[in-house]
Amino acid sequence: PARGRLTGRHVLVTAGPTHEPIDPVRYIANRSSGRQGFAIAEAVAELGATVTLVSGPVALPTPRGVHRIDVETAREMAEAVEAALPADAAIMVAAVADWGVDAALQKIKKGDGGLPPLALRENPDILATIARGPRRPKLVVGFAAETEKVVEHATAKRARKGADWIVANDVSGDVMGGDANTVHLVTPDGVDHWEKLPKREVARRLADRIADAL
Ligand code: C5P
């Protein structure tokens, strides 16, 4: 790409949902489409960054010039992110499943009346691990999908996870899978409220702020 404001920087982006297998044919997932994360990967690449995009299962083309690593589960995503370090910035957009399942090795059969138990276990918090780890990128950005008290929850999340910024979005409407996003950027300096924008425009503005910060 042409020389840009992020030339020479390595930016790591996570995107999409994770799939947590229950047995060989079933999984737990969420409604993340990956579109906001892919748009961010594209926007930072357009500014010249070297981009590693760790993606859960999505139906999206790889943005031009982006190195994409496909994963399925949260554990795989955590490993891929660790392996991609060091980075100058980590933008964690993925909707990582909070819980994984101790998956059955064979397909669970409809039984004689009883319901199968699902043994849930906590998944690694990739963002918190990276933000508090020895190879912490200079800039760590998290996302917070909230349906209520959006800024309040995002501000608490910023502190709890050790992120520099949290991009809070209100997912009470049709954001997940949709084309537009209303976000609030929570930084140590305060909160910027952005108007409802196409996800590509959210991505471009964020890429600009990332370039400022690096
Ligand atoms: O705690 P919550 O899931 O709301 O946090 C969302 C932020 O944390 C997002 O940036 C998401 O990518 C990241 N996250 C993560 N690993 C998890 C859960 C969330 O990186 N296991």
Side-chain angles (χ1 to χ4, degrees), residues 11-21 27-41 43-44 51-58 60 68-85 87 89-102 120-133 135-137 139-172 175-177 181-187 191 199 202-203 206-207 209-210 213:
V11 179
L12 174 59
V13 181
T14 68
T18 63
H19 284 184
E20 307 295 328
Y27 58 82
I28 295 177
N30 63 63
R31 295 188 187 283
S32 170
S33 67
R35 293 176 69 177
Q36 185 64 78
F38 273 55
I40 290 166
V44 290
V51 183
T52 304
L53 171 61
V54 180
S55 178
V58 298
L60 293 173
R68 171 175 173 178
I69 300 166
D70 285 317
V71 299
E72 186 184 0
T73 66
R75 284 182 174 182
E76 288 168 14
M77 186 172 278
E79 282 170 21
V81 164
E82 287 284 353
L85 292 176
I91 321 298
M92 316 297 249
V93 197
V96 183
D98 293 309
W99 306 284
V101 184
D102 288 327
L120 297 179
R121 47 166 177 69
E122 202 156 327
N123 273 332
D125 189 315
I126 304 166
L127 170 58
T129 305
I130 295 307
R132 303 197 188 287
R135 291 190 297 167
R136 186 192 198 282
L139 180 69
V140 176
V141 182
F143 270 64
E146 307 286 354
T147 55
E148 55 165 3
K149 297 185 191 162
V150 175
V151 169
E152 193 180 320
H153 285 156
T155 304
K157 190 163 294 183
R158 196 183 85 77
R160 193 168 66 241
K161 300 217 183 200
D164 298 299
W165 304 348
I166 291 281
V167 182
N169 58 337
D170 188 335
V171 293
S172 53
V175 168
M176 287 191 118
N181 210 350
T182 308
V183 309
H184 314 271
L185 178 61
V186 180
T187 75
V191 185
K199 287 179 177 176
V202 170
L206 201 58
R209 292 290 291 260
I210 291 164

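Start at 1 and go down the list; that is how both ligands and their atoms are numbered.
- Every pair passing salt bridge (charged side-chain N to carboxylate O under 4.0 Å, His left out) that includes a residue from residues 69-81 is listed here, sequence neighbours excluded: Arg68-Asp70.
- Residues passing the side chain to side chain donor-acceptor pair (under 3.5 Å) test with Thr18 are Glu20, sequence neighbours excluded.
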*Kindly indicate, with the supporting measurements, whether the criterion side-chain contact (heavy atoms from CB on, under 4.5 Å) is fulfilled by Ile166 and Phe143.*
CA-CA 5 Å; Ile166 291 281; Phe143 270 64; over 6 Å; no
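- Side chain to side chain, Asn169 and Glu146 fail the donor-acceptor criterion of an N or O pair below 3.5 Å.
- For the pair Arg160 and Asp125, the salt-bridge criterion is not met [side-chain N within less than 4.0 Å of a carboxylate O].
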Quick one: ligand 1 N/O to protein N/O pairs below 3.5 Å?
| from | atom 1 | to | atom 2 | distance (Å) |
| --- | --- | --- | --- | --- |
| ligand 1 | 1 (O) | Lys161 | NZ | 2.9 |
| ligand 1 | 4 (O) | Lys157 | NZ | 2.3 |
| ligand 1 | 5 (O) | Lys161 | NZ | 2.9 |
| ligand 1 | 8 (O) | Lys161 | NZ | 3.1 |
| ligand 1 | 10 (O) | Met92 | O | 2.6 |
| ligand 1 | 10 (O) | Phe143 | N | 2.8 |
| ligand 1 | 10 (O) | Phe143 | O | 3.3 |
| ligand 1 | 12 (O) | Met92 | O | 3.2 |
| ligand 1 | 12 (O) | Ala94 | O | 2.6 |
| ligand 1 | 16 (N) | Ile126 | N | 3.0 |
| ligand 1 | 20 (O) | Leu127 | N | 2.8 |
| ligand 1 | 21 (N) | Pro124 | O | 2.7 |

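- Not counting sequence neighbours, the partners of Leu85 by the side-chain contact (heavy atoms from CB on, under 4.5 Å) test are Leu12, Glu82, Ala87, Ile130, Arg135, Pro137.
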